[in-house]
Student: 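Here it is: the structure, laid out below.
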Amino acid sequence: MTQDPQRTGGGRGSGPFQVTGGGQPFAAPTRTPRLLLGAPAEGSECVAGAWWPRTDNLTTEMHDLISSLTARLGVTTRIAFDWNSLSLSQRGIDPPDGIEVTGPLPDQPPAVMYVFGPHNRCIRLLVIDPATTAPRAEALMRDAVRAVVDPSDS
């Protein structure tokens, strides 16, 4: 059996490994993130969307997630989240990427990731456990977006 060298490993999903040399914008996602974003919430502290990663090691999907958020947010400058030990030990964001990766901010909910862009613009993402069943994850994603669109609907 012959292997295509463009399709071997890389740790970023099952797509081809691409060396970008660091910095943004990143290459197009190798795997489309399972992501749902609501309409921009002006001045809202609500979750702006939801992300359902495929693995517990969230940093393996970071470049793809950031690529998907670039049109809405611009260049990502910082990500604040309550990282699990697996993600911390296998970081997928490197200093040349130009992104500050921090722990949670004071009063930041543990399952919500804050992704910051220029001028402190922020997208708040509910991070859904990768082990969640598809129907449950889809319902949680819709609920997270609906809470931003219609806060009185809760």
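Quantities reported herein were computed from a predicted structural model and do not represent experimental measurements.
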Student: Checking S68 side chain against D64 main chain: does a donor-acceptor pair fall under 3.5 Å?
Tutor: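 Yes, because the side chain of S68 sits within donor-acceptor range (under 3.5 Å) of the backbone of D64.
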Student: Could you pull out all residues at least two apart from D107 that satisfy side-chain contact (heavy atoms from CB on, under 4.5 Å)?
Tutor: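 By the side-chain contact (heavy atoms from CB on, under 4.5 Å) rule, D107 matches no residue at all.
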Student: Return the CG to CG distance between L125 and L36, rounded to the nearest 0.5 Å.
Tutor: 10.0 Å
Student: Any heavy-atom pair between the side chains of V75 and I66 that's under 4.5 Å?
Tutor: no
Student: Quick one, F81 and V101 - any side-chain contact, counting heavy atoms below 4.5 Å?
Tutor: no
Student: Nearest heavy-atom pair of R34 and M141: which atoms, and what distance?
Tutor: O-CE, 3.5 Å
Student: Check whether any side-chain heavy atom of P104 sits under 4.5 Å from a side-chain heavy atom of D82, and report yes or no.
Tutor: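 Result yes, sub-4.5 Å side-chain heavy-atom pair found.
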Student: Taking W83 for the side chain and T102 for the main chain, is one N or O donor matched with an acceptor at less than 3.5 Å?
Tutor: yes
Student: Measure the shortest side-chain to side-chain distance between N57 and N84 over non-hydrogen atoms and say whether it is less than 4.5 angstrom.
Tutor: no
Student: Are the side chain of Q108 and the backbone of A80 linked by a donor-acceptor contact shorter than 3.5 Å?
Tutor: yes
Student: Under the rule for side-chain contact (heavy atoms from CB on, under 4.5 Å), what residues qualify as partners of R72, not counting sequence neighbours?
Tutor: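 Per chain and number, R72 pairs via side-chain contact (heavy atoms from CB on, under 4.5 Å) with L37, P40, I123.
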Student: Any heavy-atom pair between the side chains of P53 and V127 that's under 4.5 Å?
Tutor: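 When only atoms from C-beta onward are counted, P53 and V127 do touch, with a gap below 4.5 Å.
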Student: Which heavy atom of L126 sits nearest to which heavy atom of A144, and what is that distance?
Tutor: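 Heavy atoms of L126 and A144 come nearest at CD2-CB, 4.0 Å.
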Student: Could you list the residues that satisfy side-chain contact (heavy atoms from CB on, under 4.5 Å) with A134, not counting sequence neighbours?
Tutor: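 W52, E138.
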Student: Roughly how far apart are H119 NE2 and L73 CG, rounded to 0.5 Å?
Tutor: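 Output value for this atom pair is 11.0 Å.
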Student: Heavy atoms only: give me the nearest P130-D56 pair and the separation to one decimal.
Tutor: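 Shortest heavy-atom separation between P130 and D56 comes out as CG-OD1, 3.4 Å.
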Student: Are any side-chain N or O atoms of E61 and backbone N or O atoms of R54, one a donor and one an acceptor, separated by less than 3.5 Å?
Tutor: yes
Student: With side chains defined as the heavy atoms from C-beta onward, is the minimum distance between W51 and L65 less than 4.5 Å?
Tutor: yes
Student: Which heavy-atom pair separates M113 from L58 by the least distance, and what is that distance?
Tutor: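 Between these two residues, the closest heavy atoms are CE-CD1, 4.5 Å.
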Student: Does any non-hydrogen side-chain atom of I79 lie less than 4.5 Å from one of I99?
Tutor: yes
Student: Between the main-chain N or O of F116 and the side-chain N or O of R78, is there a donor-acceptor pair closer than 3.5 Å?
Tutor: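 Checking the backbone N and O of F116 against the side chain of R78, no donor-acceptor pair under 3.5 Å is found.
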